[in-house]
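Only heavy atoms go into these numbers, but all of them, side chains included; no hydrogens, no water, no symmetry mates.
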Amino acid sequence: MLNFLLWTSAALSAQIYPVSEWLAPADHRALEAAEIGWSGSIYRIVYVGRGETTGNWSRRITTWSAPSDLLGGGPLAARAGNIQATIMADCPGARSGALRSFAWSGRPAAEFWVACELYPETGRPDHYLVRLISREEHLLSAAITFRAAPTTAQIAAARTYLDTLILCTERSELPPCRSVPAPPRTVAD
C-alpha cells in the first residue's frame with residue numbers, strides 16, 4: 001500500500017501543499033511517534049507502543065494527511081476502494097471485509113478491513129483497519145495494523161479507538177496534537 005501511495009503522491013509533491021489538519025490518537029502517552037515526515041505529498045506519522053520499534057511492534061497506528069484530491073476526485077468510497085484493492089494486491093491471498101461508508105464528525109468517512117496472513121515485504125502478517133475521512137482541503141487517514149490476527153473483540157475495539165481520534169489544527173492546544181511537532185506548512189519547508 002505504501003508504495004502505491006508514494007508513487008501516486010510523487011506527482012503532487014512539487015505542488016505547495018499546506019498541512020493544516022491532521023489526526024492524533026487520544027492515548028498519545030501510551031504511544032510514541034516512531035516516524036514523522038513526508039512521503040511525496042503525504043504527511044505521515046507512525047505511532048508504536050512505548051518500547052517498540054518500527055521494525056518490531058505488535059500494533060501500529062499510522063495517520064496521514066494528504067491533498068483532498070489524492071487518488072483523484074470522486075466519491076470517498078471509490079478512493080477508499082482503490083486503496084483497499086492496492087493493499088490486497090500487495091498481499092497474495094489477502095481477505096477483506098466490506099467497505100463501510102459513514103459520517104465522522106459530520107464529514108464523509110469510509111473504513112475497511114484487510115487481513116494479510118503473510119506480507120511479502122516483511123514475511124510477517126499484517127492485519128489492517130483503515131479509515132479515510134474527507135475534509136475540504138485534506139484527505140485524512142488513520143490505520144491500525146496488527147502483527148497477529150486480531151480477535152473479533154480486538155477489531156471492535158480498534159473501530160472504537162478510531163472513533164476517539166482527535167482532529168488537530170495548527171491552533172489546537174490539546175496534548176495529543178502537541179505530542180508531535182506541528183507539520184510544516186508546505187512540502188518545501
Side-chain angles (χ1 to χ4, degrees), residues 1-2 5 9 17-39 41-50 52 54 57-68 70-71 75-77 79-84 87 96-115 126-147 150-184:
M1 176 180 114
L2 180 58
L5 290 173
S9 66
Y17 167 57
V19 175
S20 59
E21 295 178 319
W22 65 97
L23 296 170
D27 70 342
H28 69 285
R29 289 185 202 109
L31 303 168
E32 58 186 298
E35 295 177 13
I36 303 171
W38 292 98
S39 295
S41 63
I42 296 173
Y43 187 75
R44 248 176 89 223
I45 304 171
V46 178
Y47 298 91
V48 296
R50 295 244 177 244
E52 295 184 332
T54 56
W57 46 268
S58 57
R59 178 185 72 154
R60 176 180 72 190
I61 299 163
T62 305
T63 64
W64 54 258
S65 178
S68 60
L70 182 72
L71 306 174
L76 180 62
R79 292 183 282 164
N82 290 340
I83 292 172
Q84 182 180 28
I87 293 171
S96 180
L99 182 68
R100 181 173 79 102
S101 295
F102 58 101
W104 186 84
S105 292
R107 301 298 302 170
E111 185 176 276
F112 59 87
W113 178 261
V114 174
D126 278 353
H127 297 263
Y128 305 91
L129 178 61
V130 179
R131 181 175 290 182
L132 297 167
I133 302 160
S134 180
R135 303 285 295 167
E136 288 179 29
E137 296 180 8
H138 299 89
L139 179 61
L140 304 174
S141 177
I144 297 177
T145 309
F146 293 93
R147 271 281 157 85
T151 64
T152 302
Q154 287 174 311
I155 294 169
R159 277 203 173 98
T160 300
Y161 181 86
L162 290 177
D163 288 339
T164 69
L165 290 171
I166 297 169
L167 179 63
C168 299
T169 68
E170 294 170 323
R171 295 185 194 130
S172 298
E173 293 297 327
L174 297 169
C177 297
R178 296 294 168 218
S179 67
V180 296

(request) Compare all side-chain heavy atoms of I144 with those of R60 and state whether any distance is below 4.5 angstrom. (result) no
(request) Indicate yes or no: at least one non-hydrogen side-chain atom of L140 is less than 4.5 angstrom from one of L167. (result) yes
(request) Give a yes or no on whether the backbone of G81 and the side-chain of Q84 come within a donor-acceptor separation of less than 3.5 Å. (result) no
(message) When you compare the side chain of L139 with that of L76, does any pair of heavy atoms fall below 4.5 Å?
(response) yes
(request) Could you tell me the separation between the CD1 atom of I133 and the OG atom of S141, rounded to the nearest 0.5 Å? (result) 8.0 Å
(request) Compare all side-chain heavy atoms of H138 with those of Y43 and state whether any distance is below 4.5 angstrom. (result) no
(message) The criterion is salt bridge (Lys or Arg N to Asp or Glu O under 4.0 Å); which residues satisfy it with E52, sequence neighbours excluded?
(response) none
(message) How close do F112 and L99 get, counting heavy atoms only, and between which atoms?
(response) CD2-CD1, 3.8 Å
(request) For L129, enumerate each residue passing the side-chain contact (heavy atoms from CB on, under 4.5 Å) test, keeping only those at least two apart in sequence or located in another chain. (result) E111, W113, A158, R159, L162
(message) Take a 6.0 Å sphere around CZ of R171 and say whether it holds more than 12 heavy atoms from other residues, nucleotides or ligands.
(response) no
(request) Report yes or no: does R59 contribute a side-chain atom to a donor-acceptor pair with the main-chain N or O of F146 at less than 3.5 Å? (result) no
(message) For a quick test of reading the model, state the closest non-hydrogen atom pair linking L23 to Y47 and the distance between them.
(response) O-OH, 4.5 Å
(request) Measure from the side-chain N and O atoms of R44 to the backbone N and O of W64, and report whether any donor-acceptor pair falls under 3.5 Å. (result) no
